[in-house]
**Q** 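Can you read through this structure? Questions will come right after.
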Amino acid sequence: MKKRLSRIMALSLAIVMVSGSSLTALAAPKSTTNVKIENEVNATSLVKQTQYGAVKGTSTDTCNVWYSIPYAAAPSGDLRWAAPTAPASWNATMDCSKLGNKAIQSGTDYATGKTVVSGSEDCLNLDVYAPANAKNLPVMVYIHGGNNQTGSSTEIDGTQITVDENCIYVSLNYRLGILGFNALPAFHTSKDSTGNYAMLDIAMALDWVRNNIAQFGGNPNNITVSGFSAGGRDVMAMLISPLFEGKFDKAVVYSGGMTVADKDESAEIMAKAVAPLAVEDGLFADAEAAKSWLLSDDPAVVTYMKGIDADRLCQLMSNAGIRMSVFPHLYADDVVIPSEGFKTTKYNNVPVLMLTGETEFSLFSAFDSYFSGADMKTLDENTQNLAKSYAIEYGSEMYRIFNAQCSAEEMYGKYKNNMYLCQVRYGSTDSATRIPIMGSFHGIFVPMLTDNHSYGSFADFSTAGYQNMAHVFDQYLTNFMVTGNPNGAGLDNWSNWTSSNPVSLVLDADANNAIVSVENVSSSYGKIIGQMNADDIVSEDIKDLMGKNVLNGRWFSSALDQYYDNK
């Protein structure tokens, strides 16, 4: 049994921005790395020809970078809620030396508590990072997190990855929120229509990579698609999507897992979310009438919604908190995603690596609004802390098996390639180096890939131990991108996951050294619920509050919702 989290929790946390299902990196790209490489590049080497026109990038201490290269036209006006189309070609060389637009989205300014809208509908662009003189290198394409509602291509800075993994790194922006996922019936009157617009964007970006990456020194026949959190769930959806067949050669999933939504239920939720706008705009006197209209196939619904300002739309359903029931996306529409979801037998069978942290729920519990609500205010401080640590401990246990083990169990026997599972122990209660409160949080792997991150308030990731652990992971990842097998000289053998040998590579470190092992870290929802029932530190009333108000409705909580009869 896992060691119990400390029940005495500090409440004076450094404020960070949590957006949807991942921690947003707030720092702009900069060239910080453990390895400094003298790199002289002349101006002409920064100009590359793409299928739509020439682009000119910039150079850093470690690599060359081209920011915000268009891979599709702006999905606005008549192109809002339409499949992406090719951008207009250009004649003069496009300046891609500076960051451009991310997708329009809303977030919270924690200094004022106010909602802030940022980004643009003109967002279908990608960033390319390449070592100097790159030639035929493996390519990593990264899909950012943020619950498919927030985030940007800068979530993980690629300047260090290109050196440590010796690869081309591509990170992209795609449509978010209701602009990226819209299940309302009026938009889907033809048989082959889909509301998974963000997935169409990602597919087009991958086509761009296949067609153009050789110009930047990449091998178009060795593409690894990767993603974190929502981006990881998008990658998992790509594994079952006929649309993505042949578009990538390997997959890396960071804290992802299997999630799909029913398109009819999704339409109900979206109509309810949009209805107040229709009332506000004077179309209907009450929200119920507006909702009924929005659920119809009246073409006027499309006309109306295409006329709504994007900054109003992007704020809808922004309180999702890793709950599909609030913002449904990844629709099992039998177009992009099969109607049977992950029960399908038809996978895109590429080698896949799935990683999770041990304390995945700590960030979501720490910033859950329920803990500042009326129920918690009636409790003393110690009881509040016990409730929060209870939610972190058991929510994390469920979240970590959801991210990797449960996917492997579902896929095994149907998936015709190797699955490699990884669990980061560093920071958890079982770790040689503990991180108070946060543990091995959602995103614990990010400082292994880049020194330019926003997690420094949690722990010092520059220690020799963490850096050595990062170096080990970099070697495994490099091998995986090159061959589809993470193993190589000087590394502990990482066995692929099978039902008879359900093991994970476990990464940890003390102050100075990496600690690497291969372990069976399996559990089950039934076992975890049994541990919750046996917990004698919190009262049954607190367990009930946590089960029905904090742990409820999450990606990982279907068994718990059934146990508590949560609706």
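Here the structure is a predicted model, which is why all the values come from computation and not from measurement.
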**Q** Is the ring pair Tyr426/Tyr466 parallel, tilted or perpendicular, if the boundaries are 30 and 60 degrees?
**A** perpendicular
**Q** Quick check: closest heavy atoms across Ser362 and Met438, and the distance to 0.1 Å?
**A** OG-O, 2.8 Å
**Q** Does the side chain of Tyr347 come within less than 4.5 Å of Lys416's, by heavy atoms?
**A** no
**Q** Assess the residue pair Asp127 and Leu172 against the criterion (side chain to side chain contact (heavy atoms under 4.5 Å, CB included)); give the C-alpha distance rounded to whole Å, side-chain angles, the decisive distance to 0.1 Å, and a yes or no.
**A** CA-CA 6 Å; Asp127 309 329; Leu172 57 99; over 6 Å; no
**Q** What verdict does the side-chain hydrogen bond (donor to acceptor under 3.5 Å, both in side chains) test give for Ser255 and Glu360, after you've listed the backbone C-alpha separation in whole Å, the side-chain angles of each residue and the deciding distance to 0.1 Å?
**A** CA-CA 8 Å; Ser255 301; Glu360 286 278 339; 2.8 Å; yes
**Q** Do Thr483 and Asn485 get their side chains close enough for a donor-acceptor pair, meaning under 3.5 Å?
**A** no
**Q** Can you tell me if Lys250 and Asn222 form a side-chain donor-acceptor pair at under 3.5 Å?
**A** yes
**Q** Does a donor on one side chain sit under 3.5 Å from an acceptor on the other, for Asn148 and Asp234?
**A** yes
**Q** For Trp494 and Tyr476, take the angle between the two ring planes, folded into 0 to 90°, and tell me which bin it lands in: parallel under 30, tilted 30 to 60, perpendicular over 60.
**A** perpendicular
**Q** Under a 4.0 Å threshold between the charged nitrogen and the carboxylate oxygen, would Arg425 count as salt-bridged to Glu519?
**A** yes
**Q** Quick one, Ile240 and Asn348 - any side-chain contact, counting heavy atoms below 4.5 Å?
**A** no
**Q** Do Val350 and Tyr415 have side chains that approach each other closer than 4.5 Å (heavy atoms only, starting at C-beta)?
**A** yes
**Q** If you measure only the distance, is there a donor-acceptor pair under 3.5 Å linking the side chains of Ser428 and Glu358?
**A** yes
**Q** Side chains of Asn212 and Gln51: is there a donor and an acceptor less than 3.5 Å apart?
**A** yes
**Q** State yes or no: are the ring centers of Phe216 and Trp66 separated by less than 6.0 Å?
**A** yes
**Q** Between the side chains of Asp95 and Lys56, is the shortest nitrogen-to-carboxylate-oxygen separation below 4.0 Å, so that they form an ion pair?
**A** no
**Q** Can you check whether His329 and Phe327 have ring centres sitting under 6.0 Å from each other?
**A** yes
**Q** Taking all non-hydrogen atoms of both residues into account, name the closest pair between Ser524 and Lys527 and its distance.
**A** OG-N, 3.0 Å
**Q** Tell me, with the steps shown, if Ser152 and Thr154 meet side-chain hydrogen bond (donor to acceptor under 3.5 Å, both in side chains).
**A** CA-CA 5 Å; Ser152 77; Thr154 63; 2.8 Å; yes
**Q** Mind running side-chain hydrogen bond (donor to acceptor under 3.5 Å, both in side chains) on Asn479 and Asn487 for me, showing each step along the way?
**A** CA-CA 6 Å; Asn479 294 338; Asn487 292 294; over 6 Å; no
**Q** Can you find a pair of side-chain heavy atoms, one from Cys123 and one from Lys102, that are under 4.5 Å apart?
**A** no
**Q** Tell me whether the centres of the aromatic rings in Tyr197 and Tyr174 are closer together than 6.0 Å.
**A** no
**Q** Flag the pair Asn501 / Trp497 as yes when at least one side-chain heavy-atom distance between them is below 4.5 Å, and no otherwise.
**A** no
**Q** Think Arg233 forms a cation-pi with Trp555, using NZ or CZ under 6.0 Å from the six-ring centre and within 45 degrees of its axis?
**A** yes
**Q** For Asn520 and Ser522, test the side chains for any donor-to-acceptor distance below 3.5 angstrom and give the result as yes or no.
**A** yes
**Q** With distance as the sole criterion, is a donor-acceptor pair present between the side chains of Ser431 and Asp508 under 3.5 Å?
**A** yes
**Q** Hey, mind stepping through Asn468 and Asn513 against side-chain hydrogen bond (donor to acceptor under 3.5 Å, both in side chains) and telling me if it holds?
**A** CA-CA 6 Å; Asn468 284 328; Asn513 301 297; 4.6 Å; no
**Q** Roughly how far apart are Ser68 OG and Met94 CE, rounded to 0.5 Å?
**A** 10.0 Å
**Q** Output yes when Glu410 and Lys343 qualify as a salt bridge under the 4.0 Å nitrogen-oxygen rule, no when they do not.
**A** yes
**Q** Can you find a heavy atom in the side chain of Asp157 that is under 4.5 Å from one in the side chain of Tyr129?
**A** yes
**Q** For the CZ atom of Arg323 and the OG1 atom of Thr259, what is their distance to the nearest 0.5 Å?
**A** 15.0 Å
**Q** Taking the six-membered ring where the residue is Trp, are the ring centres of Phe556 and Phe402 under 6.0 Å apart?
**A** no
**Q** Name the residue from Thr162, Val139, Ile69 that meets the side chain to side chain contact (heavy atoms under 4.5 Å, CB included) definition with Val128.
**A** Ile69
**Q** Specify whether His442 and Phe228 have parallel, tilted or perpendicular ring planes, treating 30° as the upper limit for parallel and 60° as the lower limit for perpendicular.
**A** tilted
**Q** So, Thr450 and Asn452: side-chain donor and acceptor under 3.5 Å apart, yes or no?
**A** no
**Q** Less than 6.0 Å separating the ring centroids of Phe461 and Tyr455?
**A** no
